[in-house]
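Notes to accompany the following structure.
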Amino acid sequence: MTTPAPRTTPSGARLLAVPDAETAASLTATLLHDAIAASLAERGVARVALSGGRTPLAAYAQLGPAVRDWSAVTVLLADERCVPQDHPDSNAREIRAALGPAARDLRLVPLVENGSPGDRARAYAHDLGPEPIDVVLLGLGEDGHTASLFPAHGALEAEGRTVAVLDAPKPPPERVSLTLPELRAAGSVVLLVTGEGKADALARTLGDPGQTAPASLLRPETLTVVADADALRRADELGLAGG
Ligand SMILES: O=C1O[C@H](COP(=O)(O)O)[C@@H](O)[C@H](O)[C@H]1O
């Protein structure tokens with residue numbers, strides 16, 4: 001698909017503004033596909049971290065059949081809820097289902113099902129493996145959370161690769177998330193935001209960086225924001241949607 005002319009946000013991130021959620025899904029699938037293909041061409045393997053939630057599912061449905069060789073792709077979780085892998089709230093379950101049968105050979109690294117959230121976070125930090133993550137797909141909650149990093153939450157200060165969240169304001173409360181340092185170390189990050197319900201959160205994210213908008217603390221040099229017109233409405237009004 002044709003990529004829209006990039007804008008630059010006040011922090012220096014790339015913003016790809018599209019008319020609607022359908023176009024945002026197709027563009028996101030293309031960005032993820034291209035990042036995976038570049039890693040496969042360079043190293044023969046690719047490492048991608050994906051988010052849960054409703055927003056990315058249409059992008060995953062297009063990405064599944066588009067990737068040439070899923071057996072060379074490791075799928076990590078940007079965040080996961082502390083539930084069994086077959087639970088309706090499991091991000092891993094949703095991601096697998098949305099990628100579909102074409103991605104049956106992928107190696108998805110799940111969160112272990114036993115132990116405290118802290119134990120599971122430590123295990124996941126180990127299971128991530130030593131190599132950097134090539135590309136991360138993040139979402140944005142209406143309250144401004146990204147992965148399971150919630151506004152003004154202590155988890156934003158975590159220095160390791162993963163962090164346990166015991167009291168997420170959005171259920172389920174117990175989660176494990178990649179940390180800000182881990183997200184900032186990734187080769188590239190795509191932040192997908194659609195719908196008017198996200199407009200205030202996106203405006204805060206594109207405004208001055210701070211802990212009330214965790215995604216504002218991502219690294220602008222590696223960040224691409226894909227947003228539809230509804231999500232961008234408030235940022236546009238405030239002059240934060242670049243030019
Ligand atoms: O709880 C979560 O929510 C966010 C946003 O989800 P969405 O349904 O508004 O797209 C998601 O990015 C995250 O992975 C998930 O655990």
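Please read these numbers as outputs of a predicted model, since none were measured by experiment. Indexing begins at 1, ligand by ligand and atom by atom, following the structure's order.
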Proximity to ligand 1 by part of His145, non-hydrogen separation under 4.0 Å: side chain
Over all atoms of both residues, closest heavy-atom pair of Ala29 and Leu63: O-CD1, 3.7 Å
Contact check: Ser148 vs ligand 1, nitrogen or oxygen atoms, below 3.5 angstrom: no
Tyr124 side chain to Leu76 backbone, donor-acceptor under 3.5 Å: no
Minimum heavy-atom distance Lys198-Gly141, with the two atoms named: CD-C, 3.9 Å
Enumerated ligand 1 atoms positioned under 4.0 Å from heavy atoms of Gly52: 11 (C), 12 (O), 14 (O)
Proximity flag Glu142 to ligand 1, non-hydrogen atoms under 4.0 Å: no
Leu138, Asp79, Leu77, Leu50: member with heavy atom nearest to atom 15 (C) of ligand 1: Asp79
Ligand 1-proximal atoms of Thr146, by part, heavy-atom distance under 4.0 Å: neither
Sidechain-backbone polar pair: Asn91 side chain, Asp79 backbone, donor-acceptor under 3.5 Å: yes
Those atoms of ligand 1 less than 4.0 Å from some heavy atom in Arg54: 7 (P), 8 (O), 10 (O)
Where ligand 1 meets Arg175 - atom numbers and elements under 4.0 angstrom, heavy-atom basis: 1 (O), 2 (C), 16 (O)
Arg161 to Glu131 - nearest heavy-atom pair and separation: NH2-O, 3.9 Å
Main-chain N/O of Arg104 paired to Trp70 side chain as donor or acceptor, under 3.5 Å: no
Per-atom contacts, ligand 1 versus Thr55 - under 4.0 Å to a heavy atom: 7 (P), 9 (O), 10 (O)
Atoms of ligand 1 close to Ser51 [distance to a heavy atom under 4.0 angstrom, numbered from 1]: 12 (O), 14 (O)
Pair Asp236-Arg7, salt bridge (Lys or Arg N to Asp or Glu O under 4.0 Å): steps then yes or no: CA-CA 12 Å; Asp236 268 329; Arg7 307 185 192 177; 3.6 Å; yes
4.0 Å heavy-atom contact, Lys198 with ligand 1: yes
Residues Thr74 and Arg47: side-chain donor-acceptor under 3.5 angstrom: no
Distance filter under 4.0 Å to Gly139 heavy atoms, resulting ligand 1 atoms: 12 (O)
